[in-house]
Undergrad: 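Below you'll find the structure I mean.
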Amino acid sequence: MRISLSQASDLINAGQVIAVPTETVYGLAASLKFPTAIDQIFKLKGRPTNNPLIVHAANAYQVSKYLKSQPEDFVALAKAFWPGPLTLVLPVKESDIPYQARAGLPTAAFRVPNHSLALALLEWVGPLVMPSANLSGSPSSTHYEHVEADFGTEFPVLDGGACGHGVESTILYFVDGQWQIARLGAIPAEAFEMVLGYKPEVYVNMCDSKPLCPGQLYRHYAPKTKLRLSHALQSYDGVVVGFSDRHYLGAHKVYCLGPSKQPEVVAENLYATLRQLDIDKIESVIVDMDFPEENLWVTIGERLRRAAQ
Ligand code: TXA
Ligand code: MG
């Protein structure tokens with residue numbers, strides 16, 4: 001159900017959960033002032049309670065008030081990338097952030113989204129936790145219709161149209177004196193070099209039983225359709241997920257992610273394409289993985305690999 005900005009603000013202030021658009025994906029929002037609403041988010045998503053949430057704020061100053069200390073380059077990163085698709089995991093004054101939101105950790109994840117509706121709401125109601133607005137494990141929602149498909153037509157949604165980036169924020173974590181990437185996302189690793197003087201290492205390891213980011217432990221971004229990945233796909237006697245500028249000999253049907261030279265377009269279409277496979281009840285597909293392992297392609301490749309798990 002579509003709601004206005006003022007209805008969104010009233011619902012949040014009444015301790016309800018609503019969906020809110022951001023520049024990455026839609027989020028399920030609850031106020032930090034209502035721990036019961038935060039509990040409700042975990043229930044709605046079917047999310048394990050040991051997987052903490054991202055606190056979204058209107059600006060870096062709001063974030064700084066929660067911090068126990070500021071790691072090196074915090075201000076430089078905030079200045080360069082906020083508002084925007086960067087999440088920073090930071091040490092917090094624990095009593096100021098509900099236990100559920102940080103899953104009991106002494107840190108919390110923060111970001112300032114670059115979306116006019118999300119920012120307006122944050123200005124009105126204060127900081128909000130916002131995990132992606134999808135059932136736990138499924139592809140995230142990048143359109144109003146995706147949220148409706150997961151949570152029903154009566155669920156209150158602030159409709160912001162399609163999300164520009166289409167993949168979640170990049171998460172950085174300060175470990176052993178360096179920022180590391182705890183989750184690949186909309187900002188590629190290369191983009192941090194200018195600010196940090198080094199390219200942060202990717203600490204994402206699917207086999208790691210102790211990842212920096214608890215969410216990385218779980219099956220993720222996956223449709224019901226079985227995905228198989230191919231790095232040298234030319235012809236295939238079945239359904240293909242691939243690129244609009246390539247020809248797949250023998251394919252029964254091709255789901256196009258976008259042009260093979262435009263990773264931004266591919267990222268934007270990624271989850272809608274994965275969701276479409278389920279809507280069309282496609283049993284299995286082969287995915288064309290022939291793209292470079294650099295910049296935003298690294299994030300796209302990681303999401304597809306996890307969706308295929
Ligand atoms: O783009 C995004 O980040 C979207 C939009 C809505 O802002 N949100 C999003 O939230 O992707 P979610 O809940 O789907 O993913 C949050 C990730 C999880 O993998 C979680 O484990 C990690 O952030 N996280 C949250 N707090 C953490 C903490 N204190 N330490 C380490 N990882 C944390
Ligand atoms: Mg998520």
Side-chain angles (χ1 to χ4, degrees), residues 23-25 77 80-81 84-87 139-140 142 162-173 178-208 211-213 216 220-223 225-236 238-251 254-277 284-309:
E23 80 282 31
T24 57
V25 298
L77 285 167
F81 295 102
L86 171 65
T87 295
S140 299
T142 53
C163 299
H165 287 287
V167 289
E168 298 81 352
S169 61
T170 303
I171 303 183
L172 290 188
Y173 201 131
Q178 288 227 321
W179 289 95
Q180 302 203 14
I181 296 186
R183 179 180 71 183
L184 291 160
I187 303 177
E190 290 85 345
F192 296 107
E193 265 182 295
M194 282 267 288
V195 176
L196 298 175
Y198 59 90
K199 183 175 150 188
E201 267 176 52
V202 178
Y203 197 94
V204 180
N205 181 349
M206 284 186 242
C207 307
D208 196 336
L212 288 181
C213 191
Q216 301 296 324
H220 234 106
Y221 318 116
T225 306
K226 175 107 196 73
L227 264 58
R228 287 196 300 122
L229 310 178
S230 168
H231 292 270
L233 183 64
Q234 271 155 11
S235 64
Y236 182 65
V239 182
V240 170
V241 171
F243 300 100
S244 50
D245 52 343
R246 291 188 186 159
H247 183 64
Y248 303 98
L249 213 64
V254 180
Y255 286 83
C256 281
L257 294 165
S260 67
K261 299 285 181 289
Q262 292 185 40
E264 286 77 15
V265 178
V266 171
E268 195 182 333
N269 293 332
L270 184 63
Y271 293 136
T273 307
L274 295 181
R275 282 175 173 266
Q276 195 60 44
L277 297 173
S284 73
V285 292
I286 196 146
V287 184
D288 181 357
M289 297 288 284
D290 183 11
F291 46 76
E293 270 294 306
E294 61 189 22
N295 292 305
L296 191 54
W297 287 115
V298 183
T299 301
I300 295 164
E302 189 257 357
R303 296 298 193 269
L304 286 168
R305 274 188 284 277
R306 287 172 62 101
Q309 270 185 317

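Counting begins at 1 with the first residue of the sequence. Because the structure is a prediction, the values reported are computed rather than measured.
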Undergrad: Could you pull out all residues at least two apart from Y248 that satisfy side chain to side chain donor-acceptor pair (under 3.5 Å)?
TA: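 By the side chain to side chain donor-acceptor pair (under 3.5 Å) rule, Y248 matches D288.
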
Undergrad: Heavy atoms, side chains only, cut-off 4.5 Å: are V298 and V202 in contact?
TA: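 V298 does not reach V202 side chain to side chain.
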
Undergrad: Looking only at non-hydrogen atoms, find the nearest pair between L296 and G185 and report the distance.
TA: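 For L296 and G185, the tightest heavy-atom pair comes out as CD1-O, 3.8 Å.
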
Undergrad: Mind jotting down which residue pairs meet the salt bridge (charged side-chain N to carboxylate O under 4.0 Å, His left out) criterion with at least one end in residues 184-193? Sequence neighbours excluded, please.
TA: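 For residues 184-193, and leaving out neighbouring residues, the salt bridge (charged side-chain N to carboxylate O under 4.0 Å, His left out) pairs sorted by first residue read E190-K199.
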
Undergrad: For a 4.5 angstrom cut-off between non-hydrogen side-chain atoms, does H231 reach D290?
TA: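 No, every pair of side-chain atoms sits at 4.5 Å or beyond.
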
Undergrad: Identify the heavy atoms of G166 and T142 that sit nearest to each other, and give their distance.
TA: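 The pair with the smallest heavy-atom distance is O-CG2, 3.7 Å.
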
Undergrad: If you round to the nearest 0.5 Å, how far is CG of L233 from CZ of R246?
TA: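 The distance works out to 9.0 Å.
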
Undergrad: For the side chain of R275 and the backbone of P139, is there at least one donor-acceptor N/O pair under 3.5 Å apart?
TA: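 At least one qualifying donor-acceptor pair exists.
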
Undergrad: Could I get the full list of ring pair (Phe, Tyr, Trp, His ring centres under 6.0 Å) partners for F192, not counting sequence neighbours?
TA: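 For F192, the residues satisfying ring pair (Phe, Tyr, Trp, His ring centres under 6.0 Å) (neighbours in sequence not counted) are F81.
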
Undergrad: Centre of Y221's six-membered ring, under 6.0 Å away, within 45 degrees of the axis: is that where NZ or CZ of R306 sits?
TA: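 Negative - R306 is either too far from the ring of Y221 or too far off its axis.
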
Undergrad: What pair of heavy atoms forms the shortest contact from S140 to V25, and how long is it?
TA: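 Where S140 meets V25 most closely, the heavy atoms are CB-CG1, 3.8 Å.
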
Undergrad: Donor-acceptor pairs under 3.5 Å, side chain of residues 259-269 to any protein atom, not counting sequence neighbours: which ones?
TA:
unit_1: S260; atom_1: OG; unit_2: D245; atom_2: OD1; d: 3.3
unit_1: S260; atom_1: OG; unit_2: D245; atom_2: OD2; d: 2.8
unit_1: N269; atom_1: ND2; unit_2: L257; atom_2: O; d: 3.0
unit_1: N269; atom_1: ND2; unit_2: V265; atom_2: O; d: 3.4

Undergrad: Start with the C-alpha gap between E168 and Y271, add the side-chain angles, then the distance that decides, and say whether side chain to side chain donor-acceptor pair (under 3.5 Å) holds.
TA: CA-CA 11 Å; E168 298 81 352; Y271 293 136; 2.8 Å; yes

Undergrad: Minimum heavy-atom separation for C256 and S244, please, with both atom names.
TA: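 Scanning both residues, the minimum pair turns out to be SG-CA, 3.6 Å.
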
Undergrad: Looking at residues at least two apart in the chain, or sitting in another chain, which of them share a side chain to side chain donor-acceptor pair (under 3.5 Å) with Q276?
TA: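 Q276 satisfies side chain to side chain donor-acceptor pair (under 3.5 Å) with D280 only.
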
Undergrad: Please find the pair of heavy atoms, one from P188 and one from A186, that lie closest to each other, and give the distance.
TA: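 Nearest pair, atom of P188 first, then A186: CD-O, 3.5 Å.
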
Undergrad: Rounded to the nearest 0.5 Å, how far does OG1 of T299 lie from CG of L304?
TA: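 Between L304 CG and T299 OG1, I get 11.0 Å after rounding to 0.5 Å.
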
Undergrad: Listed by chain and number, what are the side chain to side chain donor-acceptor pair (under 3.5 Å) partners of T24, not counting sequence neighbours?
TA: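 For T24 the side chain to side chain donor-acceptor pair (under 3.5 Å) partners, ignoring immediate neighbours, are T22, R111.
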
Undergrad: Taking the side chain as C-beta and beyond, is there a heavy-atom pair between E23 and S169 under 4.5 Å?
TA: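 They are not in side-chain contact.
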
Undergrad: To the nearest 0.5 Å, what is the distance between CG on L184 and CD on E302?
TA: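 CD of E302 is found 5.0 Å from CG of L184.
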
Undergrad: Mind checking the CD1-CG spacing from I187 to L77? Nearest 0.5 Å is all I need.
TA: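 It comes to 9.0 Å.
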
Undergrad: Taking salt bridge (Lys or Arg N to Asp or Glu O under 4.0 Å) as the test, write out the residues that go with R228, two or more places apart.
TA: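 Here no residue qualifies.
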
Undergrad: What's the spacing between I181 CD1 and I171 CD1 if we round to 0.5 Å?
TA: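 Separation between the atoms: 10.5 Å.
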
Undergrad: Do you know the tightest heavy-atom contact between Y198 and W179?
TA: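 Smallest interatomic distance, heavy atoms only, reads OH-N, 2.8 Å.
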
Undergrad: Quick one: list whatever passes side chain to side chain donor-acceptor pair (under 3.5 Å) with T170, sequence neighbours left out.
TA: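 Checked T170 against side chain to side chain donor-acceptor pair (under 3.5 Å); zero matches.
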
Undergrad: Side-chain contact test, heavy atoms from C-beta onward, threshold under 4.5 Å: evaluate it for T225 versus V239 and give yes or no.
TA: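 No, side chains not in contact.
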
Undergrad: Taking only residues two or more places apart in sequence, or in another chain, which ones meet Y255 in a ring pair (Phe, Tyr, Trp, His ring centres under 6.0 Å)?
TA: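 Checked Y255 against ring pair (Phe, Tyr, Trp, His ring centres under 6.0 Å); zero matches.
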
